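One structure is given here, and the rest of the page talks about it.
Every chain is numbered from 1, with letters handed out A, B, ... down the list of sequences. On a predicted model such as this, the values are computed, not experimentally measured, just so you know.
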Amino acid sequence: MAEAQTGSDGAPCTTVTFDRSLYSEAGVLAAVAVFDGFATVTVTEAESGWTVRLEEPDPRYADVLGDELANYALAESVSQQRAGGAA
Amino acid sequence: MSADADDLELGYDLGARTVSFDLNEELYSKEAVYGAAYLFLDRVYVFLTRTGDAQTRVRLRAKGEATESDLEALAGEFANELLNQMVRRQVSDATSQIREYTLARAFFGNEGRASIDSLLAELDAEDLDDDPLEIEVPWERSGQGTVGG
């Protein structure tokens with residue numbers, strides 16, 4: 001879920017955590033690649049999945065960036081699952 | 001805020017522009033959840049999380065302002081679409097053998113070959129002696145095939 005947080009420097013940031021059993025890695029990374037230009041994006045991988053951190057977002061899209069990224073990752077994951085890839 | 005389970009079979013939580021509910025994967029397959037979620041992506045923000053071994057939490061967040069009744073309707077529509085996806089899957093599974101048989105018969109069955117053979121025989125037997133449009137006469141020999149002369 002996209003959660004608005006405050007970074008260590010006090011600047012606002014958003015984190016989105018994707019569960020490995022529901023989202024594919026390729027889907028998450030595709031979303032990160034697409035939204036990389038709208039914020040400083042870092043991905044942290046854990047056993048349960050991936051956490052995407054969005055910092056210094058483009059102010060025009062800051063409110064929706066996490067949700068849009070999550071939608072994109074889900075769409076990609078579903079498409080890949082339908083194409084026969086592992087999700 | 002939670003709805004009374006007696007009033008609505010799908011229990012859900014309402015938040016700011018958000019409705020969330022848990023789905024039991026023993027009842028709703030992951031494919032059905034994916035199918036329904038995919039159809040809602042253009043209308044709402046969809047997020048899936050794992051809340052248990054066989055439980056998926058679906059969170060739908062409206063892209064604009066939404067009242068409680070809007071969100072309740074959204075949850076209901078999603079639940080309906082889940083059932084739709086389940087039924088589609090069941091029908092697909094139940095008729096897969098029929099589809100495979102029909103395709104196999106269309107491509108490899110004797111009837112198809114016989115019909116092609118009969119068409120070829122029909123062409124062979126056709127009387128091609130009459131050629132009122134002189135289609136069989138080569139273009140050059142007909143005297144119309146010269147260019148620029």
Are B/Tyr28 and B/Val87 grouped together when hydrophobic residues (ILVMFWY) are joined by side-chain heavy atoms under 4.5 angstrom apart? no
Kindly work out whether a path of hydrophobic side-chain contacts (I/L/V/M/F/W/Y, heavy atoms less than 4.5 Å apart) joins B/Leu82 to B/Leu27. yes
Can you see which heavy atom on B/Tyr38 is nearest to which on A/Ala75, and at what distance? CE1-O, 3.8 Å
Does the side chain of B/Glu31 reach to within under 4.5 Å of the side chain of A/Gln81, using non-hydrogen atoms? yes
Side chain, backbone, both or neither: which part of B/Val33 has a heavy atom under 4.5 Å from chain A? neither
First locate atom CG of B/Leu41, then atom OH of A/Tyr72, and finally report the distance between them rounded to the nearest 0.5 Å. 12.0 Å
I want to check something: taking the side chain as every heavy atom from C-beta on, are B/Phe47 and A/Leu74 in contact at a cut-off of under 4.5 Å? no
Donor-acceptor pair, B/Tyr34 side chain versus A/Leu22 backbone, under 3.5 Å? yes
Judged by atom type as modelled, is there a donor-acceptor pair below 3.5 Å linking the side chain of B/Lys63 to the main-chain atoms of A/Val64? no
How many angstroms lie between atom OG of A/Ser21 and atom NZ of B/Lys30, to the nearest 0.5 angstrom? 6.0 Å
Between B/Arg59 and A/Asp67, does the salt bridge (Lys or Arg N to Asp or Glu O under 4.0 Å) criterion hold? Intermediate values first, please. CA-CA 11 Å; B/Arg59 190 207 64 187; A/Asp67 287 325; 3.1 Å; yes
Can you tell me which portion of A/Asp19 sits under 4.5 Å from chain B's heavy atoms? Options are side chain, backbone, both or neither. side chain
Under 3.5 Å, is there a donor-acceptor pair linking the side chains of A/Glu68 and B/Tyr45? yes
